[in-house]
Amino acid sequence: MSEPATPSNRLPWRATVVTLFPELFPGPLAASLAGDALQQGLWALDTIAVRDFGLGRHKSVDDTPAGGGAGMVMRADVLGPALDAATATNPGAPRIYLTPRGEPLTQGLARELAAAPGAVLLAGRFEGIDQRIIEARQLREISIGDYVLSGGELAAMVLIDAVVRLLPGVVGAAASLTEESFEQGLLEYPHYTRPRDWEGLPIPEVLLSGDHKRIEAWRRAESERLTRERRPDLWAWKKKHEER
Ligand code: 9D3
């Protein structure tokens, strides 16, 4: 038996995914932290199947690109009604198109989306979607990084996972406090647990010293070293913002 300590009166944060592959959802979002929160009603998920809005005997959703070129483009006259159905299910939610040319998803953007009532997420397939739908339905374009996926569904799941863990009651208070410290632009320090020796590899002596000041200083130094080595971009950003 588990009930929320403070039951919320508000509607849950709602993700409505517009996709040709609704069977991919909830997928990994049904497991672990996000899955438990979904079952607790802390957020809600629904899908709109683009195929249901397909045109003609073949339920066509795509066509050849105007001006020529490779691949196919998703039709505005299919996506328009599909997005309008999603908006009817999820009124007031920002409409997002997952695309490799979008604004990068960051922790800051995830926080912004967590503060909204939810999100309508359009996952594309093929080469892309008709530009007119982006303008007519005011789609915000978001990318999850500089690599090429086969479609927007996995990107939608990544975005949802990043947002859901920020919703009130999803992650414990203690975990969210340590997480905040890592939003200060440093990579995480190395972790160890028992056994003390594993395959001849010891745990760093300082972590067994019980000296909390020394432990904190060691972790800080390791975080800074890793950030400098692996993320010179983050390190430079951090130094610049410390100048002020
Ligand atoms: C040849 C131009 N390609 C763009 C790099 C076309 C193209 C490739 C792959 C268009 C769409 C896709 C499918 N990707 C996504 O839908 C996608 C995505 C991605 O591939 N990388 C990072 N973030 C995202 S969000 C959606």
Side-chain angles (χ1 to χ4, degrees), residues 13-30 34 43 45-54 59-87 89-90 93-116 118-166 183 230-231 233-234 237:
W13 191 88
R14 176 174 299 271
T16 304
V17 184
V18 178
T19 172
L20 273 170
F21 297 101
E23 67 276 14
L24 296 178
F25 293 85
L29 298 170
W43 66 289
L45 174 67
D46 33 51
T47 56
I48 298 288
V50 172
R51 188 64 61 185
D52 292 347
F53 298 85
K59 292 268 154 208
S60 180
V61 299
D62 59 337
D63 207 337
T64 55
M72 299 293 272
V73 175
M74 294 180 85
R75 296 173 60 125
D77 51 359
V78 171
L79 293 179
L83 277 167
D84 293 346
T87 293
T89 305
N90 201 346
R95 284 178 293 273
I96 292 165
Y97 169 43
L98 286 313
T99 166
R101 76 174 191 191
E103 153 192 14
L105 178 62
T106 60
Q107 193 64 17
L109 179 47
R111 284 210 173 278
E112 183 184 332
L113 296 173
V120 167
L121 300 166
L122 173 58
R125 286 274 157 169
F126 318 116
E127 286 311 295
I129 68 177
D130 190 303
Q131 179 64 24
R132 293 170 292 181
I133 200 72
I134 296 174
E135 292 161 15
R137 293 298 180 271
Q138 298 170 26
L139 304 185
R140 184 169 183 180
E141 299 179 68
I142 298 179
S143 162
I144 65 160
D146 293 339
Y147 38 80
V148 182
L149 302 174
S150 304
E153 287 80 7
L154 287 171
M157 289 179 198
V158 166
L159 183 152
I160 291 167
D161 188 73
V163 168
V164 161
R165 37 184 304 110
L166 298 174
E183 284 177 37
R230 296 181 181 179
R231 293 294 305 276
D233 59 323
L234 254 189
W237 181 92

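Just follow the structure's listing: the first ligand is 1, and inside any ligand the first atom is 1.
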Problem - ligand 1 N/O within reach of Val148 N/O, cut-off under 3.5 Å - result: no
Problem - Arg51 CZ: over 12 foreign heavy atoms closer than 6.0 Å - result: yes
Practice task
Would you indicate whether Asp233, at its atom CG, is surrounded by more than 12 heavy atoms from other residues, nucleotides or ligands within a distance under 6.0 Å?
Solution key: yes
Completion exercise
Quick note on ligand 1: atoms under 4.0 Å from a heavy atom of Leu149 include exactly 9 (C), 12 (C), 13 (C), 14 (N), 18 (C), 19 (C), 20 (O), 21 (N)
Handout entry: Gap between atom CG of Leu113 and atom CG of Leu105 - 0.5 Å precision
Key = 7.5 Å
Exercise for the section: Would you check if there is a donor-acceptor pair between the side chains of Thr87 and Arg95 at a distance under 3.5 Å? Expected result: yes
Handout entry: Ser143 touching ligand 1 at heavy-atom level, < 4.0 angstrom
Key = yes
Handout entry: Test side-chain contact (heavy atoms from CB on, under 4.5 Å) applied to Leu139 and Ile96, Ile133, Thr99, the passing residue
Key = Ile133
Completion exercise
Smallest heavy-atom separation, Ser60 atom then Val78 atom, equals O-CG2, 3.6 Å
Practice task
Tell me which one of Tyr97, Phe126, Tyr147 gets a heavy atom nearest to atom 21 (N) of ligand 1.
Solution key: Tyr147
Exercise for the section: Could you tell me the residue and atom name of the protein heavy atom closest to atom 22 (C) of ligand 1, and the distance to it rounded to 0.1 Å? Expected result: Gly145 O, 3.1 Å
Fill in the blank from the handout: The protein heavy atom nearest to atom 23 (N) of ligand 1 is Ile144 N, 3.1 Å
Completion exercise
atom 25 (S) of ligand 1 has as its nearest protein heavy atom Thr99 N, 3.3 Å
Problem - ligand 1 versus Glu127: contacting region, heavy-atom distance under 4.0 Å - result: both
Exercise for the section: Answer side chain, backbone, both or neither: which part of Asp146 comes under 4.0 Å from ligand 1, heavy atoms only. Expected result: neither
Fill in the blank from the handout: Heavy atoms of Ile48 and Ala82 approach each other most closely as CG2-O, 3.8 Å
Handout entry: Winner among Pro100, Ala156, Ala155, Ser150 once heavy atoms are compared against atom 4 (C) of ligand 1
Key = Pro100
